[in-house]
Engineer: 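Supplied in structure tokens, the structure appears directly below.
Letters A, B, ... mirror the listed sequences (proteins, then strands); counts begin at 1.
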2 protein chains.
Amino acid sequence: MVSAPLSVIDARSGDKERLRLWIRMLRTTRIVEGELRERLKRDFDSTLPRFDVMSALYREPEGMLMTDLSRFLLVSNGNVTGIVDRLVADGYVARAKREGDKRTSVVRLTPAGTAFFEKMAAAHERWIAELLGGIGTAEVRRLSEMLHLFRSNWEGEH
Amino acid sequence: MVSAPLSVIDARSGDKERLRLWIRMLRTTRIVEGELRERLKRDFDSTLPRFDVMSALYREPEGMLMTDLSRFLLVSNGNVTGIVDRLVADGYVARAKREGDKRTSVVRLTPAGTAFFEKMAAAHERWIAELLGGIGTAEVRRLSEMLHLFRSNWEGEH
DNA sequence: CCGAGATATTTCAAGCATAAAATTTCTGGC
DNA sequence: GCCAGAAATTTTATGCTTGAAATATCTCGG
């Protein structure tokens, strides 16, 4: 046999293209994240991790446990502790002890935190619209669907 | 006038979809990055930033200036200093003073660094092929092209 | 020449990130 | 009731990240 079977050749060439896709995805997210970081700092004196935490809490007015927060954000539990500490110090977030389980504490946005987040979120949505404005609406939909599928597959297996 | 013009309505609905796309992109890269980080640590006792630096240097056997390195990787100049420091300490990278300009130093992979990187890169490519394997080859090509266009647009404007 | 700005790099302070260890509290079988 | 293990959280050590300040060197008009 002189050449590999077609399926193997296909797989190999596909590998290279997946690698290129990954590099481009990483570059795109880095560009956008860098821009968002800069603007959050400039306009709100805040950061992306703080925005992420507040965004998660905004969706859950009853509050969340630290563990749920770290799982949702895909970051380590120890990491969340520090970010929440600083948000508490700023008065945007409150920790509430619970009746039943003394290990856990429910974390939620304060009214000040909610108001502040709503301002940031509005700007954030405008920025994303601007930064991703070069991608056509049909492409956006297609791409989004693809990534949603990826996530479903991933979570199905893990 | 009771309702906004069509173009405005279109823009608004597109904004929401772009926001959703951004969130999904961020989640995807976080999942993949987390997996890569874990495997780099497990199999090579290394990290993603170190891999990125070595990858950049591998493409330039003549070496790179610190500034070019940080620009290429889209990270701050101060950041590169620390990563390179540790790579130098491990013997994978060397700083060479230059004749002409005493401010600059050319950074390049050592033979040990080259050999080590080639092992990592092979594993890295397999991992990406595995992790992004759920996305069909045609989709990969399409998606990749889209992101390439995004980057071209971005760099054209900045 | 020579000094004002430009350029390359490092240093610094603060915050983000992980994994692993330590602490505290809960739960279920005995 | 007790206690072994599980679970929620914080602490710790180390490394990554940024923006800004500090240092050193270069360039070039006068």
Engineer: Looking at A:Arg151 and A:Glu155, is any side-chain nitrogen of the basic one under 4.0 Å from a carboxylate oxygen of the acidic one?
Structural biologist: yes
Engineer: Can you check the A:Lys97 NZ to C:dT24 P distance for me, whole Å?
Structural biologist: 13 Å
Engineer: Nearest whole Å is fine: how far is D:dG19 P from A:Arg39 CZ?
Structural biologist: 14 Å
Engineer: In whole Å, I'd like the distance from the CZ atom of B:Arg37 to the P atom of D:dT14.
Structural biologist: 19 Å
Engineer: Using a cut-off of less than 4.0 Å, is there contact between a side-chain N or O of B:Thr104 and OP1 or OP2 of D:dT25?
Structural biologist: no
Engineer: Contact class for B:Leu74 (heavy atom, under 4.0 Å): base, sugar-phosphate, or nothing?
Structural biologist: sugar-phosphate
Engineer: Quick one: label A:Ile83 by what it contacts on the DNA or RNA (base, sugar-phosphate, nothing), any heavy atom closer than 4.0 Å.
Structural biologist: sugar-phosphate
Engineer: Would you tell me if any nitrogen or oxygen in the side chain of A:Asn79 comes within less than 4.0 Å of OP1 or OP2 on C:dC16?
Structural biologist: no
Engineer: Using a 4.0 Å heavy-atom cut-off, does A:Gly100 contact any base of the nucleic acid, only the sugar-phosphate backbone, or nothing at all?
Structural biologist: sugar-phosphate
Engineer: May I ask you to say what A:Arg71 touches in the nucleic acid, namely base, sugar-phosphate or nothing, with a heavy-atom cut-off under 4.0 Å?
Structural biologist: nothing
Engineer: Just checking, is any N or O donor in the side chain of B:Arg98 or B:Thr104 under 3.5 Å from an acceptor N or O on the other one?
Structural biologist: yes
Engineer: Find the distance A:Arg98:CZ to D:dA7:C1' and express it as a whole number of Å.
Structural biologist: 12 Å
Engineer: Mind checking B:Thr67 for me? I need base, sugar-phosphate or nothing, with any heavy atom below 4.0 Å counting as a touch.
Structural biologist: sugar-phosphate
Engineer: Can you tell me the distance, in whole Å, between the CG atom of A:Leu40 and the P atom of C:dA14?
Structural biologist: 21 Å
Engineer: So A:Asn77, base contact, sugar-phosphate only, or nothing? Heavy-atom distance under 4.0 Å.
Structural biologist: base
Engineer: Look at the side chain of A:Arg103 against the base of D:dA7 and say whether a donor-acceptor pair falls under 3.5 Å; ignore hydrogens and angles.
Structural biologist: yes
Engineer: Can you see whether A:Arg24 engages B:Ser144 through a side-chain donor-acceptor pair at a distance of less than 3.5 angstrom?
Structural biologist: yes
Engineer: Can you find a side chain N or O atom of A:Thr81 that sits less than 4.0 Å from OP1 or OP2 on D:dT10?
Structural biologist: yes
Engineer: What's B:Arg30 touching, base or sugar-phosphate or nothing? Going by heavy atoms closer than 4.0 Å.
Structural biologist: nothing
Engineer: Between C1' on D:dA8 and CG on A:Leu65, what's the gap in Å once rounded to a whole number?
Structural biologist: 8 Å
Engineer: Tell me whether A:Arg86 is salt-bridged to A:Asp90, with the criterion being a basic N under 4.0 Å from an acidic carboxylate O.
Structural biologist: no
Engineer: Taking the side chain of A:Ser76 as heavy atoms from C-beta outward, which of D:dG15, C:dT18, C:dT25 is closest to it?
Structural biologist: C:dT18
Engineer: Can you measure B:Arg50 atom CZ to D:dG15 atom C1' for me and round it to whole angstrom units?
Structural biologist: 10 Å
Engineer: Just to verify, which of A:Leu69, A:Thr67, A:Leu73 counts as forming a side-chain contact (heavy atoms from CB on, under 4.5 Å) with A:Arg71?
Structural biologist: A:Thr67
Engineer: Let me know the distance between NZ of B:Lys41 and P of C:dA17, rounded to the nearest Å.
Structural biologist: 18 Å
Engineer: Under a 4.0 Å threshold between the charged nitrogen and the carboxylate oxygen, would A:Glu35 count as salt-bridged to A:Arg30?
Structural biologist: no
Engineer: Between A:Ser105 and A:Glu38, who's closer to the 5' end of DNA chain D by nearest nucleotide?
Structural biologist: A:Ser105
Engineer: On DNA chain C, check which nucleotide each of A:Gly82 and A:Asp101 is closest to and give me the residue with the more 5' one.
Structural biologist: A:Gly82
